[in-house]
Amino acid sequence: MKQYAVQGLHCGNCAKKLEAQLQQLKNGETIRLNYSTNRIYLPDEINLDVIKRILLADKIQILSEQQELIENKSDHHHVADLTGSNGAIKNITTVFILNLTFSLAEFIFGVLFNSAAILSDAVHDLGDSLSVGLALVFQKVSVKEANERYSFGHRRFSLLGALITSVILIGGSILVIVNSVPLLINPQPVNSRGMFWLSIVAIAINGYAAWLISKGTSKNEKVLNLHMLEDVLGWVGVLMVSIVLTFSNWFILDPILSILIAGYILSKAIPNLLENASIFLEAVPRGVDIKELERKIKQLSNVHAVSHFHIWSIDGEENALAITVYSDTKDSKEQERIKEEIRYLIKDANVTHSTIEIVVDEEFFIQ
């Protein structure tokens, strides 16, 4: 029995179906395809070229020893993703419970302490709680595998959660600014001692939530981590203001702090919204040089032109690609070699779904 690393598996169901197909081959009864480790196990008597052709039809490539060595050194994304999805759901659930409970407490203490900063943050945190709840739902949906309706899988639902979260953040921040501006003209006394102790508790809760969610890699988790970090910084500000107000009557600091917190949130949430929107609009993923990729593909032997070259992101982490390659060879094995080399070239762009069409350019032979 021999084993090889494979690249291009994108769901467990796909691996099981392909494994069953391969086991129908002569001498293929013991073939195993392991999705969690990205490896295929083949009996010694099986024809490796046949296996490669079948896998390539499903955009899956068997890596050579040299390619596998490079892969092991440079890319552990897939394994991290498998372990991260369930962890993300658990972490987001914890953050949701903490955020919702504390936002309700903030409303109560904000009224008791007569603090615009606390009430503003309560509105913000309640919006966060709603967005975290949505993010939790979308994160659970995002780990579902591909089906007849969502052929790419459900990963983009996580991105949808990030988009909605960003919109809620922006809306809540604008509301905070609108409510705080009148207090700049007519500042109101606040309970500085109550603000002090509440800020201590808030820093501890939000700090724990930020640390917990910072372990995630999805767009959803990254946006939520931004929530938690903003809350920590905001409550540090509340702590500092409460100390100042203990020894002075500068009550105008309370609405000023509210506006500063809201402005900071807007400065972070708007770029996040624009980035996630660009992914939904299928822009070329950030960090991918499409012109350089095209140049490298054109340098492959028996390739003299490309067209309809598109690359876009599915969820901000995994990318898809479609390309038409014009070749001067009619040999099917040579065409498969070209496809295999292209799939290896685009590996660093984190392309997990690729469609490569080889067109024999008749005009090339006439010339």
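The figures here come from the full heavy-atom set of this structure, side chains too, leaving out hydrogens, waters and symmetry mates. Position 1 is the first residue of the sequence; numbering continues from there.
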| query | Honestly curious: do L260 and L183 fall in one hydrophobic cluster under the side-chain, below-4.5 Å linking rule? | reply | no
| field | Residues in salt bridge (charged side-chain N to carboxylate O under 4.0 Å, His left out) contact with E357, at least two apart in sequence or another chain | value | none
| Are the side chains of I205 and T101 in touch, meaning some heavy atoms are under 4.5 Å apart? | no
| query | Looking at CG of L112 and CG of L198, how far apart are the two atoms once the value is rounded to the nearest 0.5 Å? | reply | 10.0 Å
| Does some side-chain heavy atom of T246 sit less than 4.5 Å from a side-chain heavy atom of F196? | no
| message | Set out, in order, the CA-CA distance, both residues' side-chain angles and the distance that settles side-chain contact (heavy atoms from CB on, under 4.5 Å) for V303 and Y326, then state yes or no. | response | CA-CA 6 Å; V303 172; Y326 294 89; over 6 Å; no
| query | Heavy-atom distance under 4.5 Å between the side chains of I311 and I346, does that happen here? | reply | no
| said: Go through it in stages, so that I can follow the logic: the residues are S166 and N272, the test is side-chain hydrogen bond (donor to acceptor under 3.5 Å, both in side chains), and I'd like the CA-CA distance, side-chain angles, deciding distance and then a yes or no. | reply: CA-CA 7 Å; S166 297; N272 267 308; 5.6 Å; no
| Mind checking what makes salt bridge (charged side-chain N to carboxylate O under 4.0 Å, His left out) contact with K298, not counting sequence neighbours? | E294
| field | Stepwise side-chain contact (heavy atoms from CB on, under 4.5 Å) test for W312 and I279 | value | CA-CA 7 Å; W312 67 97; I279 296 173; over 6 Å; no
| How would you list, by chain and number, every residue that makes a ring pair (Phe, Tyr, Trp, His ring centres under 6.0 Å) with F109, sequence neighbours excluded? | F113
| query | Below 4.5 Å, heavy atoms only, C-beta onward: do Q23 and E29 meet side chain to side chain? | reply | no
| note | Note: L163 and A277 closest approach over all heavy atoms is CD2-N, 3.9 Å
| Which is it for V325 and V359 under the side-chain contact (heavy atoms from CB on, under 4.5 Å) test, yes or no, and what are the steps along the way? | CA-CA 6 Å; V325 178; V359 175; over 6 Å; no
| query | Do you know the tightest heavy-atom contact between S180 and I259? | reply | CB-CG1, 3.7 Å
| pair L321-H310: side-chain heavy atoms closer than 4.5 Å | no
| field | Within-4.5 Å side-chain heavy-atom neighbours: K339 and I342 | value | no
| remark: Residues joined to L281 in its hydrophobic cluster, side chain to side chain under 4.5 Å directly or through other members, sorted by chain and number, are none
| If you take all heavy atoms of N302 and T329, which pair is closest and at what distance? | CB-CG2, 4.0 Å
| remark: Heavy atoms of V284 and V288 approach each other most closely as CG1-O, 3.7 Å
| So which heavy atom on L22 is nearest to which on I31, and how close? | O-CD1, 3.7 Å
| In terms of hydrophobic clustering (I, L, V, M, F, W, Y; side-chain heavy atoms under 4.5 Å; direct or indirect links), are F247 and L257 co-clustered? | yes
| Looking only at heavy atoms, which two atoms of S313 and P285 are closest? And how far apart? | N-CG, 3.9 Å
| message | Determine whether a donor-acceptor pair (N or O, by modelled atom type, separation under 3.5 Å) exists between the side chain of N319 and the backbone of A349. | response | yes
| Interatomic distance, I270 atom CD1 to I170 atom CD1 [nearest 0.5 angstrom] | 5.0 Å
| message | Measuring only between side-chain heavy atoms, which start at C-beta, is L104 closer than 4.5 Å to I108? | response | no
| request: Please report the C-alpha distance between I338 and S327 in whole Å, then the side-chain angles of each, then the deciding distance to 0.1 Å, and finally whether the side-chain contact (heavy atoms from CB on, under 4.5 Å) criterion is met. | output: CA-CA 9 Å; I338 293 172; S327 176; 3.7 Å; yes
| task | Any chance you could measure K291, atom NZ, to F309, atom CZ, to the nearest 0.5 Å? | result | 12.5 Å
| said: Do I40 and Q3 make a side-chain contact, defined as non-hydrogen atoms from C-beta onward lying under 4.5 Å apart? | reply: no
| task | Calculate, to the nearest 0.5 Å, the distance between atoms CG and CD1 belonging to L239 and I200 respectively. | result | 4.5 Å
| Under the salt bridge (charged side-chain N to carboxylate O under 4.0 Å, His left out) test, residues paired with R295 that sit two or more places apart | E292
| task | Indicate, with yes or no, if V178 and I252 share a hydrophobic cluster defined by side-chain heavy-atom contacts under 4.5 Å among Ile, Leu, Val, Met, Phe, Trp and Tyr. | result | yes
| Results of salt bridge (charged side-chain N to carboxylate O under 4.0 Å, His left out) for E341 - residues two or more places apart only | R337
| note | Rounding to 0.5 Å, atoms CG (L300) and CG (L345) come to a distance of 5.5 Å
| task | To the nearest 0.5 Å, tell me how far S192 OG sits from L253 CG. | result | 11.5 Å
